[in-house]
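First the structure, in the form of structure tokens, and then the observations on it.
The sequence lines fix the lettering, A, B, ..., with proteins before strands; numbering per chain opens at 1.
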Number of protein chains: 4
Amino acid sequence: MSDSLQELRELVLRFRDERDWAQFHQPKDLVAGLQIESAELAELFLWKTPTEVDTEMQDSEFRERLADDLADVQTFLLYLAHAADIDLAQALRAKLVKNAEKYPVEKARGSSRKYDRLDGPC
Amino acid sequence: MSDSLQELRELVLRFRDERDWAQFHQPKDLVAGLQIESAELAELFLWKTPTEVDTEMQDSEFRERLADDLADVQTFLLYLAHAADIDLAQALRAKLVKNAEKYPVEKARGSSRKYDRLDGPC
Amino acid sequence: MSDSLQELRELVLRFRDERDWAQFHQPKDLVAGLQIESAELAELFLWKTPTEVDTEMQDSEFRERLADDLADVQTFLLYLAHAADIDLAQALRAKLVKNAEKYPVEKARGSSRKYDRLDGPC
Amino acid sequence: MSDSLQELRELVLRFRDERDWAQFHQPKDLVAGLQIESAELAELFLWKTPTEVDTEMQDSEFRERLADDLADVQTFLLYLAHAADIDLAQALRAKLVKNAEKYPVEKARGSSRKYDRLDGPC
């Protein structure tokens, strides 16, 4: 089956329209929804050590909850991009070009510093 | 250009690997990153009335920042799905099936209630 | 009863220690917990119009959930300040001084602009 | 100096009123602000290992940023509690009583499980 963002967007919009939910989809609420779903993702990992995370990652029940929460974030992202009439794939490609300038390979290699600290002594 | 999640994932992984950043990509940090980027999205809308949001949505500088932040969320989502070896498109389709059961059209139509309150008097 | 942050901190620390939970209270997890509780707060308001929010604010069940979620955020904030050995009240006073410089009354009055845009034409 | 929540609330309200900002303080925006400040806290820890966090915790520049961000979260929490006419200290005490029922010492001791899983095999 297709994994095109355009087709996934049509799926979630159809789901929304069958329920007449467009009326609720103000951008600010969609952003709030995105944050709420991101926090549900985070809750799956709360208090867990790296070893416990590794174990959970092999657990089918955990994996299903994780997949569900990832899907919820993707859904809100598609709704929001639609509300703003922004092409997510194009936005991602454009942002990668900018990030490549902010994080040039020679400076950023192996460093987790934020771009405005790449040269710093820190 | 392609908007396949698989291809977009390859783009961001290549970006990551050129910088040797896989070492930092623990799931918990990727989730934290996703939340941080979601909050940057939210900051674009903070304090703004619906009318002001409408105006911003026509403003090219605002739209560029919005597109950038949406792209950042999508990027972290792709990293996280990759780290968990989860197919985002498949997860989204599976979640839609579950949501259709939680929110049957006849009950959910025109209502913003959460599924566990669909029958309630509110 | 006292509303001193110091005394509230002692209450939550006692609660924690009775359960031997200090071992889980790494700063990164406390921050994640803070974000999760903040998102639960946000969920109370999701999809609601200003009028609906006003109505909810009079509803005793809603108010109880709101009070509970505010308390959870305060609790995590106290845990985190404790873990970092930071005095919240002192930090707040110091930050107000900085904010007064970033947002001088004559420039910030009646404006919701971020400090780095106070002079800008928007 | 006092660390009473009531007095700290008066400080931030005075700061707000001198700038005529009450008009922007809708509950939903205050919640969004709280989430944004929580994410700024999280950004201080992003990508950092436990060892790196320990080192940062000794660093005065890091500590100042941390104190500032904790203060921002506390400020939004005070604004929000004020907007909802909720007494934070009382809410925290009431929530502790509920939590003591959800997490009885004998069951919760040394466990990071969520209350609805305290008996589970997991």
Under 4.5 Å heavy-atom distance to chain C, tell me which part of D:Ala100 shows up: side chain, backbone, both or neither. both

Looking at C:Gln6, I'd like to know if its CD atom is crowded, meaning that more than 12 non-hydrogen atoms belonging to other residues, nucleotides or ligands lie closer than 6.0 Å. yes

Name the option with the most non-hydrogen atom pairs under 4.5 Å to chain D; the candidates are C:Ala91, C:Ala89, C:Ser38. C:Ser38

How long is the straight-line distance from CG of C:Asn99 back to CZ of D:Arg19, given to the nearest 0.5 Å? 8.0 Å

Please state whether the side chain, the backbone, both or neither of C:Met57 comes within less than 4.5 Å of a heavy atom of chain D. side chain

Looking only at atom types and distance, does a side-chain atom of D:Lys48 sit under 3.5 Å from a main-chain N or O of C:Lys28, one as donor and one as acceptor? no

Is C:Asp17 close to chain D through its backbone or its side chain, or both, or neither, when contacts mean heavy atoms under 4.5 Å? backbone

Select one option (side chain, backbone, both, neither) describing which atoms of D:Ala22 are under 4.5 Å from chain C's heavy atoms. neither

For D:Phe15, is it the side chain, the backbone, both or neither that has a heavy atom under 4.5 Å from a heavy atom of chain C? side chain

Can you tell me which residue among C:Thr75, C:Asp68, C:Asp72 is in a side chain to side chain donor-acceptor pair (under 3.5 Å) with D:Lys95? C:Asp72

Mind checking the CD-CZ spacing from D:Glu18 to C:Arg109? Nearest 0.5 Å is all I need. 8.5 Å

Top contributor to chain C interface from D:Leu88, D:Leu96, D:Leu41 [non-hydrogen pairs under 4.5 Å]: D:Leu96

Contact part of C:Val53 toward chain D, heavy-atom cut-off under 4.5 Å: side chain, backbone, both or neither? side chain

Region of D:Ala108 in contact with chain C, defined by heavy-atom distances below 4.5 Å: both

By a 4.5 Å heavy-atom criterion (distance strictly below it), what part of D:Tyr103 contacts chain C: side chain, backbone, both, or neither? both

Atom OG of C:Ser2 and atom CG of D:Leu5: how far apart are they, to the nearest 0.5 Å? 8.5 Å

If you count heavy-atom pairs under 4.5 Å with chain D, which of C:Ala71, C:Ala67, C:Ser4 comes out on top? C:Ser4

Chain C shares the most heavy-atom pairs under 4.5 Å, among D:Glu106, D:Glu7, D:Gln35, D:Arg93, with D:Arg93

Side-chain donor/acceptor of D:Trp21 to backbone N/O of C:Ser111, under 3.5 Å: yes

Let me know if D:Asp69 has heavy atoms under 4.5 Å from chain C in its side chain, its backbone, both or neither. neither

Do side-chain atoms of C:Arg63 reach the backbone of D:Asp85 as a donor and acceptor pair under 3.5 angstrom? yes

Quick check on C:Ala42 against chain D: is it the side chain, the backbone, both or neither that has a heavy atom closer than 4.5 Å? both

Taking the side chain as C-beta and beyond, is there a heavy-atom pair between D:Leu44 and C:Val31 under 4.5 Å? no

OG on D:Ser112 to CD on C:Gln23, rounded to 0.5 Å: 8.0 Å

Per-residue tally against chain D (heavy atom, under 4.5 Å) across C:Leu34, C:Asp20, C:Leu78, C:Leu77 peaks at C:Leu77

Need one label for C:Phe45: side chain, backbone, both or neither, based on atoms under 4.5 Å from any heavy atom in chain D. both

